[in-house]
Amino acid sequence: MDMTMFEKFSQICSKKLPKEINKILKTAKGHKACAIGFITTDDLYGFYLTWDYVSSINEYYAWGNSLNPNFLYQPLVDIVDACKDIDFCNPSEEKWAFTKTLLSVLGKNIKQLPDNLFHNNGFKREDILFFSTMSDGDYIQEMIDASLKMFNTSETLKTYGMIQ
């Protein structure tokens, strides 16, 4: 998958994602755990953020906390609309390749979040579990599995019981 189509999206995330994550971490102060999910639709039309103060993401769909920042929606919609050769309504190798590339862009931006963002809110980076998935659709579990590995350190995954 051609990463250049994601450059603008990545630049916007680099600039705006820290502010959104800071909002979430401010509300999580005093909690021991916080999981943050990037949730998309089955046709990959943008993301919203959801979070909860739990040590499991098994019921992320029932979490009541969410943010809908435009920078996680419209730039991605523009990319999807420009990919005329991919059918985003059905599973395919092309759709999964696109999804994995998108996850790698998000992962890069999550890893670039400044450490002081976590420390200023009473956390270590390893205290926060990041993941992504679809609200419904083709690749719900596959996205969770891939994003957990891309977005988090092995220490974080151990803390949350994702690996032994």
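Here, residue 1 is the first one in the sequence, and each next residue gets the next number. These values consider heavy atoms only, across backbone and side chains, with no hydrogens, waters or symmetry-generated copies.
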Steps toward ring-ring contact (aromatic ring centres under 6.0 Å, His included) verdict (F98, F6): CA-CA 10 Å; F98 180 95; F6 292 95; 5.1 Å; yes
Flag side-chain contact, heavy atom, 4.5 Å: T133 against I39: yes
SB check K158 E155 (cutoff 4.0 Å): no
Polar contact flag, side-chain donor to acceptor under 3.5 angstrom, Y61-T50: no
Whether F38 and F151 hold their rings parallel, tilted or perpendicular, with breakpoints at 30° and 60°: perpendicular
Heavy-atom side-chain contact between F71 and L17 under 4.5 Å: yes
Intermediate values then yes/no, salt bridge (Lys or Arg N to Asp or Glu O under 4.0 Å), K95 and D87: CA-CA 7 Å; K95 181 178 177 180; D87 176 3; over 6 Å; no
Atom NZ of K16: over 12 foreign heavy atoms under 6.0 Å: no
Distance-only side-chain donor-acceptor flag, Y45 / D81, under 3.5 Å: yes
Side-chain touch D85/E94, heavy atoms, less than 4.5 angstrom: no
Pair T156-T153, side-chain donor/acceptor within less than 3.5 Å: yes
Nearest heavy-atom neighbours spanning F123 and H31: CE2-O, 3.4 Å
F9 vs L72 side-chain heavy atoms within contact, under 4.5 Å: yes
Backbone N/O of S14 and side chain of N109: donor-acceptor pair under 3.5 Å: yes
